[in-house]
Amino acid sequence: MRVHDEQSSPTHTYNLRPGGSGRDHERNRDVDSESDSESDSAATATSGSGPGSGSVSGSASNADTDSNHPTTARTMQTSNTESSCPDSLIVVSNRQPYRHTYDEGAGTDEENGTETTGTSDSGSGSDSDSGSQSRPQNGADVGPNSNTNPISVDEPTGGLTAGIDPVLQEANGTWIAWGDGDADFDVTNQRDCVRVPPDDEAYTLRRIDLSEEAVDAYYRGFSNRVLWPLCHGFAELVEERSDDLEWYRTVNERFAAAVADHASDDAVVWLQDYHFALAPRMIRQTIPDSASIAQFWHIPWPSPATFDYCPAHEEILEGLLGNDLLGFHVERYANAFLDCVRRFLPDATVDHEQGTIQYNGQTTRVVATPMGVDAASYDQQARETDAEQLLSLFDRYDIPRNSAIGLGVDRLDYTKGIPERLTALEGFFAENPRWHGDFTFIQKATPSRTEIPAYARHGDIVRSEVDRINRRFGTDDWQPIVYTEDYVEHEDLCALYRHADVMIVSPLIDGMNLVAQEYVAASVETDGTLLLSDRAGAHERLSSHALTIDPTDVSGFATAIGDALSMTPQDRTRRMDALRSSVFGGDIDDWMATQFALLRRVHGDGAAGIESRERTQPM
């Protein structure tokens with residue numbers, strides 16, 4: 001354990017306004033503590049998200065890393081991402097950047113799964129958001145059927161959502177997302193739009209109103225009972241329910257119709273993740289040919305043998321080929337997508353060398369661009385933690401103050417390899433009794449998609465294994481594994497990152513995994529060690545100086561834990577210095593600049609029409 005006496009930064013409070021124009025129907029929002037794939041920053045404070053009620057059909061308006069592989073995009077570091085943003089940008093995501101809620105209690109983020117600060121998923125990922133903060137809203141009138149309690153606004157503080165937000169502010173763009181806050185439609189106009197941020201009103205947030213039935217079928221159903229397990233290689237966990245696919249189509253149609261409301265001749269539409277596999281083709285049929293469509297798929301893409309289990313797999317591929325540009329985190333996922341198109345769409349012309357697909361008269365370019373984190377922010381937050389903050393965490397969880405610390409931060413998801421990690425820890429403690437009492441592993445887990453049986457069973461297994469291992473090795477004064485599903489403040493998470501001797505990131509498969517990069521960015525003493533699964537997308541970037549593990553090789557995994565704890569200080573520092581150089585050199589700003597450079601290139605730098613896009617040189 002390494003403790004430093006530095007002062008933490010002050011928190012900020014805000015005064016905004018309650019209200020807006022009301023909606024006639026009432027809302028009853030449930031809460032589901034869950035986080036999403038995309039970012040993996042599972043313990044970070046993010047805004048709550050629950051399923052919505054209301055009509056699914058009533059709100060749409062009728063108007064208004066360096067690689068030599070050809071499919072891997074490269075970019076130079078850009079200090080001003082906003083300046084590279086294409087004009088007329090429309091972002092489409094399941095999760096919204098700002099969420100209005102009544103101050104009646106904390107919630108959870110349905111998509112990114114991290115708890116509300118009282119104040120989410122990500123997203124990530126989408127393999128992507130690190131959080132949001134809440135502030136009271138003041139000023140607007142509350143609708144006639146609205147709750148009279150004050151309204152708070154959850155705002156992005158990290159991850160992809162926070163990265164895109166300032167870009168749209170600069171571009172005066174449009175963001176289209178599911179409106180999941182219980183006060184969301186009491187602050188919108190009759191077109192379900194609200195200007196954000198609340199105290200600046202720089203761009204338009206268009207909210208899609210989804211009923212509970214729609215959320216259950218589109219989100220908890222086809223998205224996370226079919227696409228999620230398939231894309232992660234768990235075909236045996238696919239659960240087909242009768243209406244899920246039809247609802248998925250319907251919700252994709254709703255989002256596509258909203259895009260058509262806002263798309264101009266020179267619009268660039270940028271969709272995020274697996275919730276919208278059908279939408280690109282729908283959008284292409286309803287917006288001007290001169291507009292461009294792109295999508296980033298934040299989770300893995302499976303092999304053709306696994307994708308064959310997907311219901312309507314041809315429809316999914318045809319939907320995604322409505323994009324002019326389709327991005328993945330790493331090259332092997334991009335190649336797997338090309339392989340699937342070649343197998344299941346025989347009329348498509350697939351060029352692996354160029355990373356292009358010709359289908360139905362349109363060209364889709366497939367690229368790989370690994371996503372980063374806001375490294376500077378994690379570095380700063382870690383430096384602002386103090387000794388008392390860490391010691392209070394030790395006291396809260398009864399950790400001996402002289403204990404070495406291991407850390408895991410994950411959603412409670414079957415893809416994250418937590419049971420395998422626990423088995424490796426058990427093997428380590430069995431083989432290394434000298435570490436009993438001197439090494440404590442902290443596992444922060446965020447419950448995720450708990451209505452889905454596979455997730456509920458997985459949580460039961462993890463908790464049972466922790467109890468069993470602690471009974472085997474624990475004493476009155478020490479437990480080898482501290483397991484918590486508690487909400488962890490962002491500053492506390494950064495304190496744990498900074499002072500953890502060993503960070504274990506051991507997913508069975510992961511699109512990227514941003515937790516590994518967050519840990520590196522917060523390791524300001526450069527004396528921690530990262531154990532990283534060879535099946536995480538982040539391994540492509542960090543493998544040279546992390547300790548690589550096969551999460552299913554329990555014996556080798558246990559040995560790697562011992563190697564990390566016995567590593568010399570010089571070797572720790574050498575490795576972490578190199579990891580930090582990589583993480584800071586490919587941060588979220590770099591990734592965003594890459595995306596906008598690709599979007600501009602696909603858009604033809606102002607040249608209109610599909611023909612100009614088809615003549616674009618390979619990326």
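If you're wondering where the values come from, they're calculated on a predicted model, not measured in any experiment.
At distances below 3.5 Å, not a single donor-acceptor pair connects side-chain atoms of Ser464 with backbone N or O atoms of Asp460. With Arg572 contributing its side chain and Ala564 its backbone, the two residues share a donor-acceptor pair below 3.5 Å. Without hydrogens or angle criteria, Asp273 side chain to His275 main chain gives no donor-acceptor distance under 3.5 Å. Here the side chain of Tyr519 pairs a donor or acceptor atom with the backbone of Thr529 at under 3.5 angstrom. For the pair Ser392 (side chain) and Gln389 (backbone), a donor-acceptor distance under 3.5 Å is present. Using modelled atom types, no side-chain atom of Ser403 and backbone atom of Ile399 make a donor-acceptor pair closer than 3.5 Å. Side chain of His545 to backbone of Ala578: no donor-acceptor contact under 3.5 angstrom is found. At distances below 3.5 Å, not a single donor-acceptor pair connects side-chain atoms of Asp587 with backbone N or O atoms of Val373. With Thr161 contributing its side chain and Pro97 its backbone, the two residues share no donor-acceptor pair below 3.5 Å. A donor-acceptor contact shorter than 3.5 Å is absent between the side chain of Asp492 and the backbone of Leu393.
Proximity of Tyr414 to Arg457: side-chain heavy atoms (C-beta onward) are nowhere separated by under 4.5 Å. A 4.5 Å side-chain heavy-atom check between His539 and Thr548 finds at least one atom pair inside the cut-off. Contact of the Arg225 side chain with the Glu240 side chain is not registered, since no non-hydrogen atoms from C-beta on lie closer than 4.5 Å. Counting heavy atoms from C-beta on, the side chains of Tyr219 and Leu210 never come closer than 4.5 Å. Residues Thr440 and Gln479 fail the side-chain proximity criterion, which asks for heavy atoms closer than 4.5 Å.
Around OH of Tyr309, the count of heavy atoms belonging to other residues, nucleotides or ligands within 6.0 Å does not exceed 12. Enclosure of atom CD in Glu239 by more than 12 non-hydrogen atoms of other residues, nucleotides or ligands within 6.0 angstrom is indicated.
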Verdict with supporting geometry, Thr484 and Gln443, side-chain contact (heavy atoms from CB on, under 4.5 Å): CA-CA 6 Å; Thr484 180; Gln443 177 62 59; over 6 Å; no
Ring pair (Phe, Tyr, Trp, His ring centres under 6.0 Å) evaluation trace for Trp228 with Tyr455: CA-CA 12 Å; Trp228 177 271; Tyr455 284 83; 7.5 Å; no
From CA spacing to verdict: side-chain contact (heavy atoms from CB on, under 4.5 Å), Gln96, Trp178: CA-CA 6 Å; Gln96 59 180 337; Trp178 167 30; over 6 Å; no
Intermediate values then yes/no, side-chain contact (heavy atoms from CB on, under 4.5 Å), Glu420 and Val554: CA-CA 7 Å; Glu420 292 79 3; Val554 172; 5.6 Å; no
Derivation and outcome, salt bridge (charged side-chain N to carboxylate O under 4.0 Å, His left out), residues Asp180 and Arg95: CA-CA 8 Å; Asp180 64 311; Arg95 184 183 180 195; over 6 Å; no
Pair Phe307-Trp301, ring pair (Phe, Tyr, Trp, His ring centres under 6.0 Å): steps then yes or no: CA-CA 8 Å; Phe307 192 64; Trp301 188 270; 5.0 Å; yes
Derivation of the side-chain contact (heavy atoms from CB on, under 4.5 Å) call for Ile405 and Val502: CA-CA 7 Å; Ile405 293 299; Val502 178; over 6 Å; no
Test log, rule ring pair (Phe, Tyr, Trp, His ring centres under 6.0 Å), inputs Tyr333 and Phe328: CA-CA 6 Å; Tyr333 302 145; Phe328 296 91; 7.3 Å; no
Verdict with supporting geometry, His490 and Tyr378, ring pair (Phe, Tyr, Trp, His ring centres under 6.0 Å): CA-CA 10 Å; His490 183 68; Tyr378 278 95; 5.3 Å; yes
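Ion pairing of Arg332 with Asp339 is absent here, as no side-chain N (NZ or NE/NH1/NH2) approaches a carboxylate O to less than 4.0 Å. Between Lys444 and Asp486, none of the side-chain N atoms (NZ, or NE/NH1/NH2) sits under 4.0 Å from a carboxylate O, so this pair counts as no salt bridge. Salt bridge present: Asp571 and Arg575 bring a charged side-chain N and a carboxylate O closer than 4.0 Å. Looking at Arg220 and Asp244, no side-chain N of the basic residue comes within less than 4.0 Å of a carboxylate O on the acidic one, giving no salt bridge. A salt bridge does not link Arg574 to Asp577: none of the charged side-chain nitrogens sits closer than 4.0 Å to a carboxylate oxygen. Using a cutoff of 4.0 Å between basic side-chain nitrogens and carboxylate oxygens, Arg99 and Asp154 are scored as salt-bridged. With respect to the salt-bridge test (charged N to carboxylate O, under 4.0 angstrom), the residues Asp379 and Arg383 qualify.
Taking the six-membered ring where the residue is Trp, His436 and Phe473 present perpendicular rings, their angle passing 60° and hence far from 30°. Using a 30° and 60° split on the angle between ring planes, Phe429 and Trp478 fall in the perpendicular class, above 60°. The aromatic rings of His298 and Phe296 lie tilted to each other, with the angle between the two planes from 30° to 60°.
Between Phe439 and Phe428, the distance from one ring center to the other falls under 6.0 angstrom.
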